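Written below as structure tokens is the structure these notes are about.
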Amino acid sequence: MEDVFFDGWAGLARTLVVGVMAYVVLIVFLRISGKRTLSKMNAFDLIVTVALGSTLATVLLSKDVALAEGALAFAVLIGLQFIVTWSSVRARWVRRLVTGEPRLLYYQGRLLPQALLGARVTVDEIEAAVRSSGMANLAQAASVILETDGSFSVIKRQDGQIATVPVGVAGPQDE
């Protein structure tokens, strides 16, 4: 039962040494791969970030995983992230597969029911996004867009201007 609280100095020393070394390896790999690796621009990026954290924890706490195996796991995850992001910048179909596209949820005074259902978004969430943008109600908004990172963009209605579909977003006719 005493192993639950303290299993000996060797285990603590291993955690300290491997922890410092794994941390250094991860930082070096992340610096080499660039800033895009840890950005949380979409669900794919978040998954890679969580996987890196999980790998670091496994290397730190599991005596069955050697530092070299952990370093290789970091390299694989970061390498795949690099390949996917490099490809998504060059091929639209890869970008659409990985990140999706922004979705217009509200446009010119009307909610788009099919878009709301497809995005699994409620009217309450749309109204909250409008309030967060400093507007009192939906009537003050020209459009509300669900972005690829899961955030909402709210475009304020401009009196006297012709409303257009925001750049890069499919219009209501695409529903």
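All values derive from a computational prediction rather than experimental measurement.
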- For V130 and A141, work out which heavy atoms get closest and say how close. CG2-CB, 4.3 Å

- Non-hydrogen atoms of L56 and A22 that approach each other most closely: CD1-CB, 3.8 Å

- Which value, rounded to the nearest 0.5 Å, describes the distance between S88 atom OG and W93 atom CH2? 11.0 Å

- Message: Measuring from atom CG of L104 to atom CD1 of I145, what distance do you get when rounded to the nearest 0.5 angstrom?
- Response: 6.0 Å

- Note on the structure: Separation between CD1 (I126) and CZ (R131), nearest 0.5 Å, reads 11.0 Å

- Locate the shortest heavy-atom distance separating L146 from A119; write the atom from each residue and the value. CD2-CB, 3.6 Å

- When you look at E101 and R92, which way does the salt bridge (Lys or Arg N to Asp or Glu O under 4.0 Å) test go after all the steps? CA-CA 11 Å; E101 290 186 322; R92 183 172 173 81; 2.8 Å; yes

- What pair of heavy atoms forms the shortest contact from E127 to L138, and how long is it? CG-CD1, 4.1 Å

- Starting at CZ of R103, measure out to CG of L112 and round the result to the nearest 0.5 Å. 10.5 Å

- Message: I need the minimum non-hydrogen distance between R157 and G109, along with the two atoms involved.
- Response: NH2-N, 3.5 Å

- Task: Using the rule that two of Ile, Leu, Val, Met, Phe, Trp, Tyr join whenever any of their side-chain heavy atoms come within less than 4.5 Å, decide whether F74 and L61 are in one cluster.
- Result: yes

- Does the S133 side chain pair with the main chain of M135, one donor and one acceptor, at a distance under 3.5 Å? no

- Item | Approximate separation, where rounding is to 0.5 Å, of I155 CD1 and Y107 OH | 10.0 Å

- Message: Do V76 and L30 sit in one hydrophobic cluster, given that two such residues count as connected whenever their side-chain heavy atoms are within less than 4.5 Å of each other, even indirectly?
- Response: no

- Between the side chain of S54 and the main-chain N/O of A51, is any donor-acceptor distance below 3.5 Å? no

- Can you tell me how far CG of L105 sits from CG of L117, rounded to the nearest 0.5 angstrom? 11.0 Å

- Query: Is R31 atom CZ crowded by more than 12 heavy atoms from other residues, nucleotides or ligands, each under 6.0 Å away?
  - Reply: no

- Donor-acceptor contact present, side-chain R14 to main-chain L60, <3.5 Å: yes

- Message: Between L80 and F82, is there shared hydrophobic-cluster membership here, with clusters defined by ILVMFWY side-chain heavy atoms closer than 4.5 Å?
- Response: no

- Query: Are any side-chain N or O atoms of Q81 and backbone N or O atoms of L77, one a donor and one an acceptor, separated by less than 3.5 Å?
  - Reply: no

- Message: Hydrophobic clusters here meaning ILVMFWY residues chained together by side-chain heavy-atom distances under 4.5 Å, can you tell me if I78 and W86 are in one?
- Response: no

- Looking only at heavy atoms, which two atoms of V59 and G70 are closest? And how far apart? CG2-CA, 3.3 Å

- Is the count of non-hydrogen atoms from other residues, nucleotides or ligands lying under 6.0 Å from F29 atom CZ greater than 12? yes

- Query: Any side-chain donor-acceptor pair under 3.5 Å between D124 and T122?
  - Reply: no

